[in-house]
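A note on names: the letters A, B, ... follow the listed sequences, proteins ahead of strands, and every chain is numbered from 1. Just so you know, these numbers come straight off a predicted model, no measurement behind them. Computed over heavy atoms, backbone and side chain alike; hydrogens, waters and symmetry mates excluded.
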Amino acid sequence: MHSLFVRNYVFCAPHNLVVEYSLCSVLRYLAYTHNPTILSMRELNDQELRRREELQLLIQRGVNPYPYSFDRTHSSLQILEQFCDDAPEQLANVAVAGRIMALRRMGKASFCHIQDASGRIQIYLRTGDVPNYDDFKLYDIGDIIGVRGFVFRTKMGEITVHAQELTLLCKSLSPIPIAKEAHDEAGNTILYDAFADKELRYRQRYKDLIVNPHVRDIFIKRSTIIRAMRQFFDERGWLEVETPILQPLYGGALARPFTTYHNALDTTLYLRIADELYLKRLIVGGFEGVYEISKNFRNEGMDRTHNPEFTMMEIYVAYKDVFWMMGMVEQLLEYIAVTALGSTEIVLGSSPHTTAISLRPPFRRLTLFDSIYEYTGEDIRALDTSALHAVAKKLHVDIDAQAPAAKVIDEIFTTKVQPHLVQPTYITDYPLALSPLAKKHRTHEGLTERFELFINGQECANAYSELNDPIDQRQRLEEQARFRAAGDDEAMVIDEDFLHALEIGMPPTAGLGMGIDRLVMLLTNQESIRDVLLFPQMKRLG
RNA sequence: GACCCCGUAGCUCAGAGGUAGAGCAUUUGACUUUUAAUCAAAGGGCCGAUGGUUCGAUCCCAUCCGGGGUCACCA
């Protein structure tokens with residue numbers, strides 16, 4: 001019976017050191033690491049065992065596999081840019097470092113490619129030229145090395161560092177996915193066997209970033225986009241602020257929150273669903289332009305465009321209204337596109353199904369009712385609730401028979417108009433009932449001063465002339481409270497302190513929210529939010 | 001939450017009711033300018049998990065886990 005649970009492994013280490021150990025299914029795994037007696041919870045595959053063996057050999061040869069630093073003189077890109085065939089002596093003594101990504105051994109000489117943050121460069125190693133060439137035989141793809149040497153161009157024409165010193169900077173104990181690169185005649189890079197399993201890519205993003213260069217590019221671009229946005233705001237004198245993530249009351253959006261608990265305060269706290277109410281308090285407090293780029297959390301479904309935590313930018317500017325905001329957003333998007341992409345013209349999708357989009361201002365402006373008339377032929381601005389339901393039915397818009405008028409309008413718009421809004425389009429003049437924090441329209445009864453910006457059929461931004469009439473605001477929140485009491489758990493809760501702030505007095509203010517993740521999706525041509533989040537939310541394993 | 005598709009070697013993928021296949025990666029040997037290096041040989045798998053049908057299941061069925069997609073919900 002005992003033998004059922006024990007598998008014997010004999011492991012031949014170098015220098016006649018024989019290590020024998022058992023793998024017991026009760027304890028699960030016994031791993032050979034620096035110390036062969038250490039227990040590991042994970043069974044090691046043959047490649048991992050072999051790498052540990054190589055590690056031991058290197059240590060026995062006096063090599064420190066995890067040294068403390070390495071002085072580089074150049075990045076791989078700098079070498080490629082600076083090399084000059086007529087004057088190779090200018091790069092006669094360079095030091096580069098990076099991860100071994102490809103390895104071609106030819107006995108007494110070897111080529112490898114190392115990868116650093118700027119790209120890849122080829123290394124040439126030759127016995128005699130590198131004192132520790134024998135150690136190199138124990139290096140693997142995935143190891144990080146430092147190389148000192150001179151730069152030359154090979155027979156095949158590739159700029160290469162001829163190594164004279166070789167230093168192991170980190171021994172990799174687990175293999176990275178191998179994706180071979182080739183280049184066609186046009187100079188395009190072809191990837192063979194690319195690391196493509198989405199689950200593994202998201203869960204082990206570090207491997208994804210090592211192996212898939214275009215993934216790095218997306219996140220570099222994301223950073224550029226956010227930096228450009230900050231620059232744009234900072235240049236205009238608006239202040240970046242930080243407001244609470246943990247909130248005793250949540251507000252500013254219609255959404256279900258995450259709930260948590262603070263032990264010392266003995267109280268329930270919520271993770272914020274929006275920054276809005278705190279940022280408006282700051283406008284009350286006398287700041288005249290504040291913005292925040294921050295994580296919001298909504299306890300809702302996940303799909304291609306929703307992650308439970310996501311990044312939102314909100315900005316509030318005093319003495320401005322929603323019409324001013326439309327102009328500002330046009331400038332902002334143009335600035336970001338030019339800074340991050342070099343152009344206002346973007347192409348979405350992949351050949352042959354592409355969509356060209358221009359972010360060049362001005363954007364089209366259309367009222368909600370006009371847009372519905374344009375795309376359905378139905379003029380619904382004067383209709384009552386039952387007539388609206390009749391129109392919805394005629395348009396084959398599926399809607400709950402009990403839905404209020406505003407909900408019917410919203411549904412008609414979402415299904416019949418929104419998909420057509422491919423080029424940047426401002427939709428304005430939303431019904432009051434859909435906009436509990438927006439100021440009443442100055443000329444149209446029952447509407448608010450609000451716009452949403454649509455690009456490629458998706459909402460990209462949402463803005464109001466902010467409601468600063470505390471009595472009106474209280475009535476609107478009380479209505480939300482009634483919805484809530486009637487079972488709508490996404491309706492807003494009454495925030496007395498926010499209402500008190502408005503009673504102190506908030507100047508006329510324009511406010512804007514813009515989803516950063518979706519903006520990045522748009523500007524990097526990604527169809528899933530998970531591809532613009534470094535670590536998207538995933539289900540827990542096992 | 002509903003429906004559809006997927007889960008096989010480190011990676012990318014074939015496969016078939018009867019002892020598991022390829023390329024790359026890995027190991028051994030050859031090779032001092034290669035580049036998807038090449039040539040020769042070898043090792044590597046609880047075929048996502050559990051149960052059922054069957055003489056026999058990785059394959060068929062059910063349930064579960066994980067992923068992708070569509071829809072619903074949600075800005």
Taking only nitrogen or oxygen atoms into account, show me every contact under 3.5 Å that the protein makes with nucleotides 31-33 of chain B, one pair per line with its distance.
unit_1: B/C31; atom_1: N3; unit_2: A/Gly107; atom_2: N; d: 3.3
unit_1: B/C31; atom_1: N4; unit_2: A/Gly107; atom_2: N; d: 3.1
unit_1: B/U32; atom_1: O2; unit_2: A/Arg126; atom_2: NE; d: 3.3
unit_1: B/U33; atom_1: O2'; unit_2: A/Lys155; atom_2: NZ; d: 3.4
unit_1: B/U33; atom_1: O2; unit_2: A/Lys155; atom_2: N; d: 2.9

| query | Which pairs with one or both residues in residues 407-422 of chain A pass side-chain hydrogen bond (donor to acceptor under 3.5 Å, both in side chains), sequence neighbours excluded? | reply | none
| said: The criterion is side chain to side chain donor-acceptor pair (under 3.5 Å); which residues satisfy it with A/Ser172, sequence neighbours excluded? | reply: A/Arg51
| Whole angstrom value for the distance that separates C1' of B/U28 from CZ of A/Arg50 | 12 Å
| query | Roughly how many Å is it from CD in A/Glu48 to C1' in B/U27, rounded to a whole number? | reply | 16 Å
| query | Is the shortest side-chain N to carboxylate O distance from A/Glu48 to A/Arg52 below 4.0 Å? | reply | no
| task | Please say which of A/Tyr426, A/Tyr430, A/Tyr464 ends up in a ring pair (Phe, Tyr, Trp, His ring centres under 6.0 Å) with A/Phe451. | result | A/Tyr426
| query | How would you list, by chain and number, every residue that makes a side chain to side chain donor-acceptor pair (under 3.5 Å) with A/Glu292, sequence neighbours excluded? | reply | A/Thr243, A/Arg272
| request: Answer with base, sugar-phosphate or nothing: what part of the nucleic acid does A/His183 contact at a heavy-atom distance below 4.0 Å? | output: nothing
| note | Stems field, RNA chain B, Watson-Crick or wobble, 3.5 Å, at least 3 pairs, by first number, holds B:1-7 with B:65-71, B:10-13 with B:21-24, B:26-30 with B:38-42, B:48-52 with B:60-64
Could you pull out the protein-nucleic contacts involving nucleotides 68-70 of chain B (nitrogen or oxygen on both sides, under 3.5 Å)?
unit_1: B/G68; atom_1: OP1; unit_2: A/Arg530; atom_2: NH1; d: 2.1
unit_1: B/G68; atom_1: OP2; unit_2: A/Arg530; atom_2: NH1; d: 3.1
unit_1: B/U70; atom_1: OP1; unit_2: A/Arg304; atom_2: NH1; d: 2.7
unit_1: B/U70; atom_1: OP2; unit_2: A/Arg304; atom_2: NH1; d: 3.0

| query | Phosphate oxygens OP1/OP2 of B/A25: is one of them under 4.0 Å from a side-chain N or O of A/Lys180? | reply | yes
| request: Using whole Å, report how far CZ of A/Phe310 lies from P of B/C74. | output: 15 Å
| Taking protein heavy atoms under 4.0 Å as touching, what does nucleotides 1-15 of chain B look like 5' to 3' if B marks base contact, S marks sugar-phosphate-only contact and - marks none? | ---------BSS---
| field | P spacing across the pair B/A9 / B/A20, given as an integer number of angstrom | value | 14 Å
| remark: On a heavy-atom basis, the closest approach of A/Ile273 and A/Asn296 is O-ND2, 3.3 Å
| query | Taking the nucleotide of RNA chain B with the closest heavy atom to each, which residue, A/Gln122 or A/Arg203, is nearer the 5' end? | reply | A/Gln122
| Can you tell me how far C1' in B/G15 sits from the matching atom in B/G21, rounded to whole Å? | 7 Å
| query | What integer number of Å spans the P atoms of B/G66 and B/C13? | reply | 22 Å
| Is A/Glu449 paired with A/Lys439 through a side-chain N to carboxylate O contact shorter than 4.0 Å? | no
| Given atom NZ of A/Lys137 and atom C1' of B/U27, what is their separation to the nearest angstrom? | 15 Å
| request: Could you list the residues that satisfy side chain to side chain donor-acceptor pair (under 3.5 Å) with A/Arg203, not counting sequence neighbours? | output: A/Glu199
| query | Above 12 or not: heavy atoms from other molecules or residues under 6.0 Å from CG of A/Asp400? | reply | yes
| For A/Thr355 and A/Asn456, does a side-chain donor sit closer than 3.5 Å to a side-chain acceptor? | no
| message | To check you understand the geometry: which heavy-atom pair defines the closest contact between A/Gly252 and A/Leu437, and what is its length? | response | CA-CD1, 3.8 Å
| query | According to a strict under-4.0 Å criterion, is A/Arg104 in side-chain N/O contact with OP1 or OP2 of B/U35? | reply | no
| said: Taking side-chain hydrogen bond (donor to acceptor under 3.5 Å, both in side chains) as the cut-off, I'd like each qualifying pair that reaches into residues 147-157 of chain A, sequence neighbours left out, listed once. | reply: A/Asp85-A/Arg153, A/Asn93-A/Arg148
| request: Could you check how far CG of A/Leu103 sits from C1' of B/U27, rounded to whole Å? | output: 14 Å
| request: Could you state the atom-to-atom distance from CE of A/Met101 to C1' of B/A25 in whole Å? | output: 13 Å
| request: Pick base, sugar-phosphate or nothing for A/Ala255, based on heavy-atom distances below 4.0 Å to the nucleic acid. | output: sugar-phosphate
| query | Which of residues 397-407 of chain A sit near RNA chain B, with a heavy atom under 4.0 Å from it? | reply | none
| Mind checking what makes salt bridge (Lys or Arg N to Asp or Glu O under 4.0 Å) contact with A/Glu459, not counting sequence neighbours? | none
| task | Looking at every strand, decide which applies to A/Glu527 at a 4.0 Å heavy-atom threshold: base, sugar-phosphate, or nothing. | result | nothing
| request: Would you kindly give the CD1-to-C1' distance between A/Ile159 and B/U35, to the nearest whole Å? | output: 15 Å
| Heavy atoms from other residues, nucleotides or ligands near CD of A/Gln402 exceed 12 (cutoff 6.0 Å) | no
| Carboxylate-amine/guanidinium contact A/Arg298 A/Glu490, below 4.0 Å | no
| request: Would you list the pairs meeting side-chain hydrogen bond (donor to acceptor under 3.5 Å, both in side chains) in which at least one residue belongs to residues 511-538 of chain A, sequence neighbours left out? | output: A/Tyr202-A/Asp531, A/Arg222-A/Asp517, A/His306-A/Arg518
| field | Whole-angstrom distance between B/A36 and B/C74, as gauged at atom C1' | value | 46 Å
| request: Would you tell me whether A/Ser75 and A/Asp116 have side-chain atoms, one donor and one acceptor, within less than 3.5 Å of each other? | output: no
| field | Distance between P atoms of B/C46 and B/U58 (Å, rounded) | value | 13 Å
| request: Would you kindly give the CD1-to-C1' distance between A/Ile190 and B/C24, to the nearest whole Å? | output: 16 Å
| task | Take the angle between the ring planes of A/Phe150 and A/His162 and call it parallel below 30°, perpendicular above 60°, tilted in between. | result | parallel
